[in-house]
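All remarks here apply to the structure that follows.
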Amino acid sequence: MPRTPKPIPITNRPLAWSAEVLSTIGEPQRLQFGSSRVKRMSHAVLSTPHLKETLAWFRQTFGLLATDEFYKGDRSNVVGSFNRVDRGTEGVDHHVLNLYHGATPGLQHVSYEVQDIDDLFVGFNHLTRLNKYEHMRGVGYHVPGGQVFDYWLDPWGQMHEHWLTTRRFTATSPINLMPAPKEHDPTSRFAQTIMPDSTLCAHPWLAELGDSALGETLSDLSGVERSAYEYAWLPVGEAVTARALRDAELKPAGLWARRSRVSLRGAPLLMQELFLPAIGRA
Ligand SMILES: [Fe+2]
């Protein structure tokens, strides 16, 4: 007989700012400092150079359903896909698996559901006070799926997420197909980042971003300082301009470019972007 696991009980009150709790006078809930208490593993995010085939395998093998997908250019060119389990009319998480196209296959992060919103913030405070681990992103809110997140790195450079969901989906919830954020659009600009080995040693995840836009990732992180942009016209004879125009149909005499210096918790990077001819066209 298969055993149905019992849910782990939640010991805190729900949502500390709810009207019910705020109306409770004289009975304050005293939370203890410490780690967030993980209830379960909620999802994983993987990159793959074979997105279509990998998605097909996971869907055929586990019966996963697409919730949100992102495309570049043509709507059939899916570059990222959030997938949930099929439990019929029962509500499930927005995704148990997020697959996105990347140059190399790999694990981007694993996510763990914690007790409640108090527990997530208490865990954030705990890790911050420890001052021992690198904080990546958050506490924040993923709008498409309605999730609260907080990302940290372990000592080996692997990212993990504390997570809570606010929305549930059923087997008949419609798929949501969206254009990938402009930052991901390779037709608008050519980006290049230069960094010393010491920066890569301090932040090895920088080498595993795949197709993810570094500028967008950095904008969500704490401890990032960015200089003002410097602008310049780079003639086609420049090596970086030639690289940017390698696949372009139009071959102008040069490209406008901008660059800025970034300090990622003291580690230097130089980010430069060249604006491609597609900009300004309908
Ligand atoms: Fe996640």
Side-chain angles (χ1 to χ4, degrees), residues 8 35-48 51 54-55 58-59 62 64-71 78-87 91-102 104-117 119-124 126-128 133-169 173 175-178 180-181 183-184 203-222:
I8 298 172
S35 307
S36 291
R37 287 162 295 163
V38 168
K39 292 175 66 182
R40 63 183 172 104
M41 186 189 293
S42 55
H43 63 260
V45 178
L46 308 176
S47 68
T48 170
L51 182 60
T54 311
L55 267 178
F58 272 105
R59 288 177 185 162
F62 296 108
L64 301 186
L65 304 170
T67 309
D68 281 331
E69 293 198 319
F70 293 94
Y71 65 90
V78 171
V79 294
S81 178
F82 291 90
N83 294 262
R84 66 189 185 279
V85 294
D86 181 355
R87 298 292 296 265
V92 299
D93 294 341
H94 174 265
H95 62 281
V96 291
L97 175 71
N98 174 14
L99 275 178
Y100 68 93
H101 181 265
T104 53
L107 172 68
Q108 204 237 18
H109 73 264
V110 172
S111 178
Y112 304 92
E113 182 176 355
V114 298
Q115 296 272 313
D116 56 22
I117 195 74
D119 196 43
L120 189 135
F121 276 103
V122 167
F124 169 80
H126 173 69
L127 290 174
T128 303
Y133 302 107
E134 189 173 349
H135 186 232
M136 285 295 290
R137 192 179 173 200
V139 173
Y141 189 82
H142 285 307
V143 173
Q147 302 112 10
V148 183
F149 60 80
D150 184 25
Y151 296 95
W152 292 80
L153 286 189
D154 69 22
W156 302 275
Q158 176 62 55
M159 187 159 65
H160 304 272
E161 178 186 18
H162 281 155
W163 176 92
L164 284 171
T165 190
T166 64
R167 295 190 204 148
R168 306 293 273 171
F169 298 76
S173 300
I175 181 173
N176 193 19
L177 185 62
M178 297 172 279
E183 283 272 338
H184 295 283
H203 306 282
W205 56 271
L206 286 167
E208 297 167 7
L209 283 169
D211 279 358
S212 301
L214 177 59
E216 191 176 87
T217 303
L218 291 177
S219 68
D220 287 330
L221 299 184
S222 55

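We number each residue from 1, following the sequence as shown. We count ligands from 1, going down the list as the structure has it; atoms in each ligand are counted the same way. What's counted below: heavy atoms across the whole structure, side chains too, no hydrogens, waters or symmetry copies.
We find the CH2-CE distance between W152 and M159 to be 13.5 Å, quoted to the nearest 0.5 Å. For the atom pair CD (E69) and CG (L51), the distance works out to 8.0 Å, reported to the nearest 0.5 Å.
In this structure, the side chain of Q108 does not engage the main chain of Y100 through any donor-acceptor pair within 3.5 Å.
Of all protein N/O/S atoms, those under 2.8 Å from the Fe ion (ligand 1) are H43 NE2, H109 NE2, E161 OE1, and waters are not counted.
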Stepwise, does the side-chain hydrogen bond (donor to acceptor under 3.5 Å, both in side chains) test hold for T166 with Y141? CA-CA 10 Å; T166 64; Y141 189 82; 3.2 Å; yes

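No side-chain donor from either of H43 and N98 sits under 3.5 Å from a side-chain acceptor of the other.
By the 6.0 Å and 45° rule, R137 stacks over the aromatic ring of F149.
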